[in-house]
Every structure is written in structure tokens, then in C-alpha cells.
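First up is the structure itself, then whatever we jot down about it.
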Amino acid sequence: MLLPEGGCDRRETVRHEGRCAEVFLHTAADLRTLFAEGRANRRATMAFLYAGSVPLHDPHGLAAERCREARELIAAGPASLTGAERDDSRYLLTDLAEDLADTAGPGQDPHEQLALADRTLREAAHLLSAVRGAWSGAGKWLPRRLRAAAPVLGAALLDGHLAVARHGEPGPLCAAAHTVLGLVGGPLREGLVHTRGPGGPGTAGG
């Protein structure tokens, strides 16, 4: 729902005719900010919502214009990874895959293993989608967007996650994660320099 400028940008959850419904209320300016943030984080949740919407009451055509902007943004694709973002993701995925591989065999904590598998899948999906110039997602949208970005390798990541959940076998997910890493130069350990800000703490490898 579009609000007049100066309105309070918010989300409300209401019950209508026995069904729970979410209502998103934004001004046009706030909505453009959300679109820009969505392109930067490569998920574009609000843009996808508007791109697939049908205006019900739009006397001035403002909602239709926002829907058009959303469709154009989705078609243009997400922002590209910066070099620093790519290396940070490589480093994190390398670390996660190594920790996950260490959970192979008897006597491991299955809760730790599954927690690592979840993080490995999310990071690998994020990196793979970015490499392919495709939108990423979270929750139920992670597998949907991952399959759309890379049908074969995406399925390998998802099946690898199932192998951990069902059989406690981390090998397939680790292998798929390393295939993703191979698309961006391979695993990254030594040589990473990460500075949190001017004069702030950082980490250096190598």
C-alpha cells in the first residue's frame, strides 16, 4: 500500500475474514530506498513483491509505476560483488566447508554438524548466485532462487544438505561447496586482509 509522502513506513499483520494477512505500507520515497537496498543485498524482497503485484485501487497510477520500476530492477539483476565481498565470502565458505568436513565419521555432535551444514548451504548459495549474476533468497526462497541461478550445481548443494540432515554425511555438500569456490579462484585462507574501518581492528592471513 502506498502512503502519502511523510507517512510512517511500516508493516502490519492483521486478520481479515479469518485469515492472517501482512500489510506493507510505504511512501514512494521509502519504497525506492527499499528497492535500492534490495539490489545491494541481492535479495530484492520488496521489489519481487511489487513486481508480481496487481494494483487494485490506483487512481493516479502511482502503484503501477512502482510495479514497473520493480520489474525493471528485477530484470536488471542484482549488484555485482566487490572484490572484498567476494574474498570475504570465499574465506567464510572455505572455513565452513573445512569445519563441516571435520564432522565426518562417528562420535560427532549431529547438532553442530547440521548447524554447519545450514551455514555452508546459505553461504555457498549466496556466492554461487552472485557469481551467476542472479538473485539470492532466504527461507523458502533460498532453494527456489538457487535452482533458478544454477540448476545443476544448485541441486548438488541442496542434495548435499539433505545428505547431512538425513544421513549425517557431509561429503557431498563439502564437494559442492568446493565446486562453488572453484568458480571464484578456489578456497581462500592465507593472504586475506580484512579491515573493519579506518584505524579499526582487522584480521590478516598469511
Side-chain angles (χ1 to χ4, degrees), residues 9 26 29-51 66 68-101 115-158 160-161 173-206:
D9 184 62
H26 308 101
D30 288 332
L31 194 57
R32 287 195 178 98
T33 298
L34 289 172
F35 283 0
E37 291 173 352
R39 185 168 189 269
N41 67 28
R42 303 177 191 87
R43 292 182 182 174
T45 303
M46 194 56 59
F48 272 100
L49 182 62
Y50 266 78
R66 301 294 84 75
R68 182 190 61 78
E69 290 177 4
R71 288 191 292 269
E72 290 176 352
L73 185 149
I74 296 301
S80 299
L81 286 177
T82 66
E85 288 173 330
R86 182 198 61 230
D87 286 347
D88 283 348
S89 186
R90 283 175 65 197
Y91 187 89
L92 177 56
L93 185 55
T94 298
D95 183 61
L96 289 167
E98 289 179 356
D99 283 350
L100 181 60
L116 283 166
D118 290 345
R119 286 292 308 279
T120 301
L121 173 62
R122 289 200 303 271
E123 191 61 32
H126 170 79
L127 182 55
L128 177 56
S129 296
V131 168
R132 295 292 171 87
W135 295 103
S136 187
K140 65 184 180 184
W141 290 104
L142 186 150
R144 297 178 188 183
R145 300 259 163 81
L146 180 56
R147 291 189 187 102
V152 176
L153 186 48
L157 288 167
L158 293 168
H161 184 262
L173 180 54
C174 290
H178 277 280
T179 300
V180 174
L181 287 168
L183 300 175
V184 289
L188 178 61
R189 276 297 194 192
E190 296 81 5
L192 178 73
V193 177
H194 184 109
T195 302
R196 296 180 62 182
T203 58

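For the single chain, residues carry numbers from 1 onward in sequence order.
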(request) Work out which heavy atom in Ala79 is nearest to a heavy atom in Ala40; give both atom names and the distance. (result) CB-CA, 4.3 Å

(message) Let me confirm one number: the CG-CG distance from Asp118 to Leu96, rounded to the nearest 0.5 Å.
(response) 11.0 Å

(request) Nearest 0.5 Å please: distance from the CZ atom of Arg147 over to the CZ atom of Arg145. (result) 13.0 Å

(message) Using 0.5 Å steps for rounding, measure from the OG atom of Ser136 to the CZ atom of Arg42.
(response) 9.0 Å

(message) Minimum heavy-atom separation for Ala44 and Ile74, please, with both atom names.
(response) CB-CD1, 4.0 Å

(request) Enter the distance from Leu183:CG to Arg86:CZ here, rounded to the nearest 0.5 Å. (result) 12.5 Å

(request) Answer whether the closest heavy-atom distance between the side chains of Trp135 and Arg43 falls below 4.5 Å. (result) no

(message) Could you check whether any side-chain N or O of Arg39 sits under 3.5 Å from a backbone N or O of Gly77, counting only pairs where one atom can act as donor and the other as acceptor?
(response) yes

(message) Is there a side-chain contact between Arg189 and Asp95 in this structure, where contact means two heavy atoms from C-beta onward sitting under 4.5 Å apart?
(response) yes

(message) Applying side chain to side chain contact (heavy atoms under 4.5 Å, CB included) to Arg119 and Leu116, what does each step give before you reach the verdict?
(response) CA-CA 5 Å; Arg119 286 292 308 279; Leu116 283 166; 5.8 Å; no

(message) To check you understand the geometry: which heavy-atom pair defines the closest contact between Pro78 and Ala134, and what is its length?
(response) CG-O, 3.4 Å

(request) Evaluate the side-chain proximity of His178 to Leu93: yes if any heavy-atom separation is below 4.5 Å, no if none is. (result) no

(message) Side chains of Val131 and Val180, heavy atoms from C-beta outward: is any pair under 4.5 Å?
(response) no

(request) Check Tyr50 against His26 and note the closest heavy-atom contact, atom names and distance. (result) OH-ND1, 4.3 Å

(request) Any chance you could measure Arg66, atom CZ, to Met46, atom CE, to the nearest 0.5 Å? (result) 14.0 Å

(message) Tell me which one of Leu128, Leu92, Thr94 satisfies side chain to side chain contact (heavy atoms under 4.5 Å, CB included) with Glu123.
(response) Leu92

(message) Using every non-hydrogen atom in the two residues, find where Ala117 and Leu173 come nearest and quote the distance to one decimal.
(response) O-CD2, 3.7 Å

(request) Ignoring hydrogens and angles, tell me if any N or O in the side chain of Arg90 forms a donor-acceptor pair with the backbone of Val184 under 3.5 Å. (result) yes

(request) Could you grab the distance from atom CG of Leu157 to atom CZ of Arg122, nearest 0.5 Å is fine? (result) 13.5 Å

(request) Determine the minimum heavy-atom distance between Leu73 and Ala47, stating which atoms define it. (result) CD2-CB, 3.9 Å

